[in-house]
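Excluded from the calculations below are hydrogen atoms, water molecules and symmetry mates; all remaining heavy atoms, backbone and side chain alike, are included. Labels below follow one simple rule: chain letters A, B, ... track the order of the sequence lines, proteins then strands, and each chain is numbered from 1.
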Number of protein chains: 2
Amino acid sequence: MESDEEKEEPMSTGEAEGRKPRADVLRNRASILEVAQRHFLAHGFGTSLESVAKEAGVGPGTLYRHFPTREALLAAVLQLRSEELVARRAELTQVADPDEALRQWMRTLEDYFSAFSGLPEPLMVAAREREPENPLTLPCDNLIATTEEYLKAAQLKGHARSSIRGYDLFLAAISVAWLKGTGAADDASLTALRTIVETGYSSGSPRQVRKR
Amino acid sequence: MESDEEKEEPMSTGEAEGRKPRADVLRNRASILEVAQRHFLAHGFGTSLESVAKEAGVGPGTLYRHFPTREALLAAVLQLRSEELVARRAELTQVADPDEALRQWMRTLEDYFSAFSGLPEPLMVAAREREPENPLTLPCDNLIATTEEYLKAAQLKGHARSSIRGYDLFLAAISVAWLKGTGAADDASLTALRTIVETGYSSGSPRQVRKR
DNA sequence: TGCGAAACGGAGTCTACCTCCGTATATATG
DNA sequence: CATATATACGGAGGTAGACTCCGTTTCGCA
């Protein structure tokens, strides 16, 4: 299927496609993504894809050709939002205290995962099955690896328990995000849960819980 | 199947109905519940209700007359399983250490909530909306109240943090159950998460217990 | 044994998913 | 500019499950 025939301009924006990018393809893709993001935000991951297609001004066939599965569409939307994560990581290099950096990264993950309801579930499926054809597997793995980095630093130079793995914290963050997404937890409960998690993964040495 | 011989005495469990309980009604209800429980266990809360009706030997109309909503069916199935909780509470009266009792109660909740996948979501909706017409609201409130009891005891005579509320622990238990239900957490991760939670809601040794 | 109320069940409607394929179009070529 | 062809479009249509409505059946009671 994949025939690498690079004619000209092999240097593209990363995706090395050897042929011709049609104009309407790009337009439709962008339109679908924009609408999908809005619908995901408004109605959650389970929103009707037909309504997305209709509002984007394309037929269902076009939507499914661009994004064969709901997860593929999600992955593309998340890609749009991922720059936020990159920016956050850059900011966190300024934080000297590794415990504080880990804490803020966990909060960043939580916000990212609770952007719209129903997001945690497909991520967990990806994390569990680890199948390469699932478009969410790669971003998921990246987030886990990043969490591992922050955790390692906090274990080495901070107060994080050595028995914890990065994957565990990833799961903790996504669980809190899920909880937040259900809407059943008010601010007080979310704060309490976050404190429970933070206290729990830190070792028992004197801790000061600083707000924000 | 199993027919509860309670015809003679009108001393029922609260429903003061002075009329006639039809035989096929009871038979169908029991059959639906038995099949529904198996399907929930096997395929999760999202299982096809039509398949439940078919396997129970009734039409869709009958199923929906007995249980107008999916949540109503769930509530009835949970009612079946609630004796397990009652038994557990009886056992826990034997546990002297209130911290240990709370810990075991949390574990009981977790097991109860992770009986089948998709169970946490409707419970969270019930916990959030608190609408009396939702058949899950009452059992949900009961569980929260019970958790509050164990927590109170652990706060008074044990080492539980005073800043935690029973509702927070209820949310924590249901979050862990959700995580377990996704299948993405192996035993090691679940143990780690449970430890995080337990450590988090307990005050550390050097911590002030605030024992008046 | 008959009667009326209560329950049954399945046909029907609705919504959403997803695919297939005839048609339209953007790009490349003469 | 005209034509050719690969490529993409889009909607009709099949599938599945949720939920309802109502003619028919069944049960309990007298």
Side-chain angles (χ1 to χ4, degrees), chain A residues 1-3 5-9 12 15 17-33 35-36 39-40 42-74 76 118 121-122 133 135, chain B residues 1 3 5-8 10 15 17-33 35-36 39-40 42-74 76 118 121-122 125 133-135:
Chain A
M1 289 293 267
E2 302 297 329
S3 66
E5 288 193 45
E6 307 292 319
K7 278 181 137 185
E8 283 140 279
E9 326 184 4
S12 187
E15 298 95 23
E17 286 300 323
R19 290 302 307 262
K20 38 201 168 181
R22 238 170 95 157
D24 51 352
V25 171
L26 269 52
R27 182 161 25 88
N28 283 332
R29 182 186 160 91
S31 173
I32 290 169
L33 279 181
V35 175
H39 279 232
F40 282 163
H43 311 114
F45 179 56
T47 191
S48 159
L49 294 190
E50 293 210 326
S51 69
V52 170
K54 188 177 297 182
E55 190 171 326
V58 303
T62 297
L63 189 150
Y64 283 100
R65 193 174 330 101
H66 280 269
F67 307 102
T69 66
R70 186 179 286 269
E71 283 72 28
L73 179 56
L74 174 62
E121 285 82 354
E133 61 264 30
Chain B
M1 302 295 183
S3 67
E5 302 295 327
E6 277 188 319
K7 286 185 167 182
E8 308 298 327
E15 299 97 23
E17 286 302 320
R19 311 285 3 120
K20 38 201 166 180
R22 239 171 95 158
D24 51 351
V25 171
L26 269 51
R27 182 163 23 88
N28 283 332
R29 181 186 160 91
S31 173
I32 290 170
L33 279 181
V35 174
H39 279 233
F40 281 162
H43 311 115
F45 180 56
T47 192
S48 160
L49 294 190
E50 294 211 324
S51 68
V52 170
K54 188 176 296 180
E55 191 172 324
V58 302
T62 297
L63 189 150
Y64 283 100
R65 193 174 328 101
H66 280 270
F67 307 102
T69 67
R70 187 179 286 268
E71 283 70 30
L73 180 55
L74 174 62
E121 284 83 353
V125 172
E133 62 263 31
N134 186 332

Atom [atom1] of [X] to atom [atom2] of [N]: distance rounded to whole Å?
X       : N      : atom1 : atom2 : result
B/His39 : D/dG17 : NE2   : P     : 12 Å
A/Leu49 : C/dC17 : CG    : P     : 5 Å
B/Tyr64 : C/dT13 : OH    : C1'   : 13 Å
B/Phe67 : C/dC8  : CZ    : P     : 11 Å
B/Arg27 : C/dA6  : CZ    : C1'   : 14 Å
A/Arg29 : D/dT7  : CZ    : C1'   : 17 Å
B/Glu50 : C/dG9  : CD    : P     : 14 Å
B/Phe45 : D/dG17 : CZ    : P     : 16 Å

When you measure from the side chain of B/Arg29 to the backbone N and O of B/Phe67, does any donor-acceptor pair fall under 3.5 Å?
no

Restricting to non-hydrogen atoms, name the atom on A/Pro122 and the atom on A/Gly118 that form the minimum distance, rounded to 0.1 Å.
CD-O, 3.0 Å

Taking all non-hydrogen atoms of both residues, which atom of B/Phe45 and which atom of B/Glu71 are closest, and how far apart?
CZ-OE2, 3.9 Å

Taking only N and O in the side chain of [X], is any of them less than 4.0 Å away from OP1 or OP2 of [N]?
X       : N      : result
B/Asn28 : C/dC8  : yes
A/Ser48 : C/dC17 : yes
B/Thr62 : C/dA7  : no
A/Arg70 : C/dC17 : yes
A/His66 : D/dC9  : yes

Taking any heavy-atom pair under 4.0 Å as a contact, classify B/Thr47: base, sugar-phosphate, or nothing.
sugar-phosphate

Look at the side chain of B/Arg65 and decide which nucleotide, out of D/dA18, C/dA7, D/dG10, has an atom nearest to it.
C/dA7

Candidates C/dC8, D/dG28, C/dG10 - which lies nearest the side chain of B/Val25
C/dC8

Taking N and O atoms by type only, does the side chain of B/Arg22 place a donor or acceptor under 3.5 Å from a partner on the base of C/dA7?
no

A/Asp24 vs B/Pro60, nearer the 5' end of DNA chain D by closest nucleotide:
A/Asp24

Worked verdict on A/Val52 versus A/Phe40 for side chain to side chain contact (heavy atoms under 4.5 Å, CB included)
CA-CA 10 Å; A/Val52 170; A/Phe40 282 163; 6.0 Å; no

Applying side chain to side chain contact (heavy atoms under 4.5 Å, CB included) to A/Glu50 and A/Leu63, what does each step give before you reach the verdict?
CA-CA 9 Å; A/Glu50 293 210 326; A/Leu63 189 150; over 6 Å; no

